[in-house]
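What you see is a predicted model; the values in this text were computed from it and never measured. In what follows, every heavy atom counts, from backbone to side chain, and hydrogens, waters and symmetry copies are set aside.
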Amino acid sequence: MSANISEESGSRRPTTPTLTHSHTNGKSAKSGLVPTNNVTTKEGLTVRTRIEPSLSVDDVIRQLCISLKLKDPPAMYALRDENDELVTNDNLRKKIKGKVNLKLVNAPAIEAAEIVEKLSAIDARGASDARLGLALTALRKLIREEQFANEFLQRDGLRELVDVIYNSHGNILAYALTAMQNLMELDYGWANLDNAFIFKVVQILSSEQSRLNVCRPATAILKRLVEADPSSASGLNAATASTSKGPPSPSPGSVYRYGFDVVFEQMRKEKRLLETVVNRLGSADTTMALYSMMLINSLLAHASDPRWDEFIAELERLNVRKAVIRLMSSHTIEDLTSCILDFQANMVRVTFRKKTTLVEPDFEPLHNHALQFIWEKSKIEEDREDAITPIKWRKLGFETEDIGHEFREVGVLGLDCLKYFVEKDPDYWAKVVQEQLSRSEERRCPIGKASNEVTDLLAEHWAIYAPGYSTSTTFQPFFLNFPKVHSLALHFFLRMWNESGASTDDFPRLVALTRSQVKVALKRENIRPWHEVEQEFLESEYRAVRDRQMQELEMEDDIMSKVPIRNLRAKLYKESYEFVRQQRIHCLLEGAWFMNGIPLATADPRDTIRRPTRPWRFLRLDAGLKYLHYVDSAVKFPVRKGLEDLPERIEIAMISEVATGTCAPFPHILRDQADIPLGSSSPMLASPLSFSLLSTSGGSLADQIAPDQARWADWTDGLNMLRRDGGHVASQETELFVQALTEIGLKIKLLDLSGERVEIPSGLVAGPPPMNSDFFFSDLAYDAAT
C-alpha cells in the first residue's frame, strides 16, 4: 500500500512505501492506530510516512532508504527529532504516538568520524578555528549520547579532545572542557586520563586570566575526578574489595581510579588553586560560585587520612568559612542553598574529628607548636614543686601537668579554640593569666579548664557528637564562626567570674550560667545579626544573667520540657487519674455514714424545721455501679456487707450534678455527737462538707453532710467520676493526689536519668557512618546456624 505525497514548501514530495502493514487480521488498519510522521531528508525533502510501532529503528531507516532510493547504505543514517534528540528503539514508540517531525541525518558513527577529523586539524591556521568551534559545539551536545560516545571513543576521539585542551585557549578551550565534562558523566571511556591532564586542569583553574566559561567546566572536571575513587565504584566497574592491607584497587578499564589523593597531589603543585577556588565563591557569576562550592564539598567529603590535616589547615588559612557565611546572605539560586547546607554538614564532620583527635605534643609538631605559642604569650616563667615536678600548665588554669590529658574531652578542637583566643589579643591573654596568678589559689579562675568547658558547651549546643553529621535544614553562620563564638563565650565566663567574686567551688555554677547564656545568645541563628551575639556576651550584666537563669529554672526543667517527657507525663497523668478513680469508687463500694442536711433552697420557714427522727444516712454503691443504696437511721449502727440493710436506692443515671456547699445541718442536733461537722450550730449556713445529688429536673435526690474533708472528697469526686458525662473533680485533695502520683511516677521512670541530667533525645540518632568501605555485612542467619 502506498501513500500519496504532495509538494510542501517548494519541495517535491515523492511517494514512499508505507512502513506499516496494509491489513491487520484481514481488515484495513485504522488510521488512528498508526500515527503519521513527517521525515525530512538531508536534502530538505519532507515526506509523510506511516510507521508501524513494532518496527525497530534500523528497519524504519532501511525502508526509508529503499523508498527514497538513497545510494548510501542504511547504516550511514539515523533519525533525530526537531530538537536533535537521537531516535532509538527506546523512544521510537513515543515519537510515533506524538506525531513528532523527524529528520534523516548522518549516523552517530559518521558524525563521530567527522568531528574527530576536525579536532585533529588543530594545527591548521585561519579558518580552522571556526571549523573547530563548530565541531566542539556539536561535540558538547552529542557526547552525552551513548551511541555517539562509543563511536567517538573507538576513533581515539578522547586523545584528540585532550590535545585540543592542551593547545587552545579562550572560547575554544571552554568548548573543549565542556565536552570533556559531558563525556565524564559517563561511567566509562576516560580511564586513561593521566596526571599530566589533571595538572593541566589545575593550572587552568588556578590562572587569574582564565575566563569564567573556562573555569566552570574545569571545576566540574576536577570535582568528577575527586569523586572517581575506587571506593565509589559500583556495578560492572566495581573495584576489587578492599582489605585491611589497603584501599580497594580499581578493576581494569574502570574510571574509578582517581579520587582525592590523586587530585590533591596535583593540586599541591599549584599553590594558588585552593585560594582561587575559595575566592570564586564570591563571584558575581552564581554558577561559578555554585561549581566552586561543589568542588570544595567534594574535596571535604573525600579527603583521605594522610592528607586530611594538610587540606583542612589550608582551607582554614584561606578562611573558607567566612566566604560561605557571605554566601548565606547573598545567594540567589536554590542550588546554592543545598551546597551551603552540604558544606555545613561537612564542617560538622571536620569539627567532630577535631574534637575526637587527641592532643599529642610529643608526636605531633603542630600540637607542640600551638601549646608553645600559648605558653610563650602568657609571659610567665615555669616553676617547680621539686626537682622532678614542674609547675607550668597549672599556672594557665589546667588541673594537671599532663596537657594531653587536659584536652581529652575536646581534643584538637579545644586546642585550636584556645590558640585562637590567644592570637586574637595576646596582651589580654597575658594580662588575664598574670591577674589570676596574683590572686589566692581559691579565687583564681582556671582559664585553661574554662576554655575547654566553653568548647564543650558549644559542641553540645550544635550537637557535635557521634555520628558527627548535621541534619540542620537552616543556615548556621555562628557555627561556622566556632572559634570566634568560643572567644566571646570565654570572655563572658571570665567576666562573670570576676563580677560574681567566684571561687574554685563555684566553677560548676559558672559553667551552668554560661550554658544558659549560650542558649540565649545563639538562638534564631539563621536570622540573628552578629552584633546582637556580641552584645549578649560582652555587655550582659551578671545580676541580669543570674536572675534570668533562676527564672528559667523555675519556669521549666530542661529535661521535663522535652517532647518525649511531656508525652510520658500525659500518659502517667491518665494512669494516675484512673488509679484515683478506682480508689474513690472503692470508697463508694465500701459505703459510709452521712448526716442528712437541709437544702438552703428550701422554702420552709426556719421555725418549722425540726430535728428529723432519722438524721443519719448510710450510703453504699452496688457492685454494678448503677444504684446508690441507702438507709436512714436515728443512730449509727454497724451495716453488714451487701445491700440487705439498705432498702432504698437512687439510680446513678438520674444524677445530673453533684453540687457542693448546698445544705446545712438540722437544728437541735445533739452536740455530744463527736462526728458532727464544726460550724453546724448555725443551721442555715451551708456546711463546707455538704453536697447534694441533683436530678435532671433540678430537684435534689439527696442532701448530705460528710463527717470530714477526706470523706467529702472521696464521695463528691467518686460520684462525679461515675457520671456518664465524666464530671469534673471538685476537691483540691483529689487534684493534688492525681498530680502527686503523676510526678512520683515520672520521677521513678526517670530515676536513672534525672540524677545525672542525661540528655534525652527527641528522636533516634543513627550510628556514625563508616570511615571507609573496609567491611562486609555478615549473614546473620548463617552465623546463627553455625
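- Contact check for L457 versus H461: no side-chain heavy atoms found under the 4.5 Å cut-off.
- Checked for salt-bridge contact, D427 and K431 miss the test: no charged N lies under 4.0 Å from a carboxylate O.
- Checked by atom type, the side-chain pair Y256/D187 shows a donor-acceptor distance below 3.5 Å.
- A 6.0 Å sphere centred on NZ of K322 holds no more than 12 heavy atoms belonging to other residues, nucleotides or ligands.
- With a 6.0 Å cutoff to the six-membered ring centre and a 45° limit on the axis angle, K449 counts as a cation-pi contact of F507.
- If you run side chain to side chain contact (heavy atoms under 4.5 Å, CB included) between L136 and each of I172, N171, T178, only I172 comes through.
- Side-chain atoms of S451 and H486 form a donor-acceptor pair, as typed in the model, at a separation below 3.5 Å.
- What you find for H302 and E227 is that their closest heavy atoms are CE1-CG, 3.7 Å.
- Checking side-chain atoms of Y166 against main-chain N and O of F197 turns up a donor-acceptor pair under 3.5 Å.
- Residues F343 and L327 form no side-chain contact, since every pair of their non-hydrogen atoms from C-beta on lies 4.5 Å or further apart.
- Nearest heavy atoms, L186 versus I143: CD1-O, 4.1 Å.
- You'll find the side chain of E460 reaches within 4.5 Å of the side chain of R515, heavy atoms only.
- Between R268 and E314 there is no salt bridge, since none of the side-chain N atoms of the basic residue sits less than 4.0 Å from a carboxylate O of the acidic one.
- Between K395 and E382 no salt bridge is recorded (no basic side-chain N to carboxylate O distance below 4.0 Å).
- Among residues two or more places apart in sequence or in another chain, the salt bridge (charged side-chain N to carboxylate O under 4.0 Å, His left out) test is passed with D261 by none.
- Side-chain contact check for L139 versus L161: some heavy-atom pair is nearer than 4.5 Å.
- Look at E423 and K377 and you find no salt bridge, because none of the NZ, NE, NH1 or NH2 atoms lies under 4.0 Å from a carboxylate O.
- Side-chain rings of Y428 and H491 approach one another, their centers coming within less than 6.0 Å.
- A salt bridge does not link E185 with R224: none of the charged nitrogens is closer than 4.0 Å to a carboxylate oxygen.
- The closest donor-acceptor contact from the side chain of Q344 to the backbone of Q476 lies under 3.5 Å.
- Under 3.5 Å, the side chains of N182 and R144 contain a donor-acceptor pair of N or O atoms.
- Side-chain contact between L415 and I374 is present, with at least one heavy-atom pair separated by less than 4.5 Å.
- Between the side chains of R495 and N498, no donor N or O sits under 3.5 Å from an acceptor N or O.
- A donor and an acceptor atom, one from each side chain of D362 and N368, are nowhere located under 3.5 Å apart.
- The environment of CD in Q434 is crowded: more than 12 heavy-atom neighbours from other residues, nucleotides or ligands sit within 6.0 Å.
- Counting only distance, with no hydrogens or angles, the side chain of E401 and the backbone of W393 share a donor-acceptor pair below 3.5 Å.
- Contact annotation: the side chain of R140 approaches that of Y175 to within less than 4.5 Å [non-hydrogen atoms, C-beta and beyond].
- With hydrogens and angles left out, the side-chain atoms of T287 and R216 include no donor and acceptor closer than 3.5 Å.
- Closest approach of S292 and V277 over heavy atoms only: CB-O, 3.6 Å.
- Using a distance-only test at 3.5 Å, with no hydrogens or angles considered, a donor-acceptor pair links the side chain of Y258 to the main chain of A191.
- Taking the charged nitrogens against the carboxylate oxygens, K200 and D194 have no contact shorter than 4.0 Å, which rules out a salt bridge.
- Using a cut-off of 4.0 Å between Lys/Arg side-chain N and Asp/Glu carboxylate O, K355 and E409 are scored as not salt-bridged.
- Between the side chains of N297 and D342, no donor-acceptor pair of N or O atoms lies under 3.5 Å.
- Side-chain atoms of Q517 come within 3.5 Å of backbone N or O of E536 as a donor-acceptor pair.
- Two residues are said to be in side-chain contact when any heavy atoms from C-beta on lie closer than 4.5 Å; L458 and E453 fail this criterion.
- With a 6.0 Å cutoff to the six-membered ring centre and a 45° limit on the axis angle, K269 counts as a cation-pi contact of F199.
- For W462 and E525, the side-chain atoms include at least one donor-acceptor pair closer than 3.5 Å.
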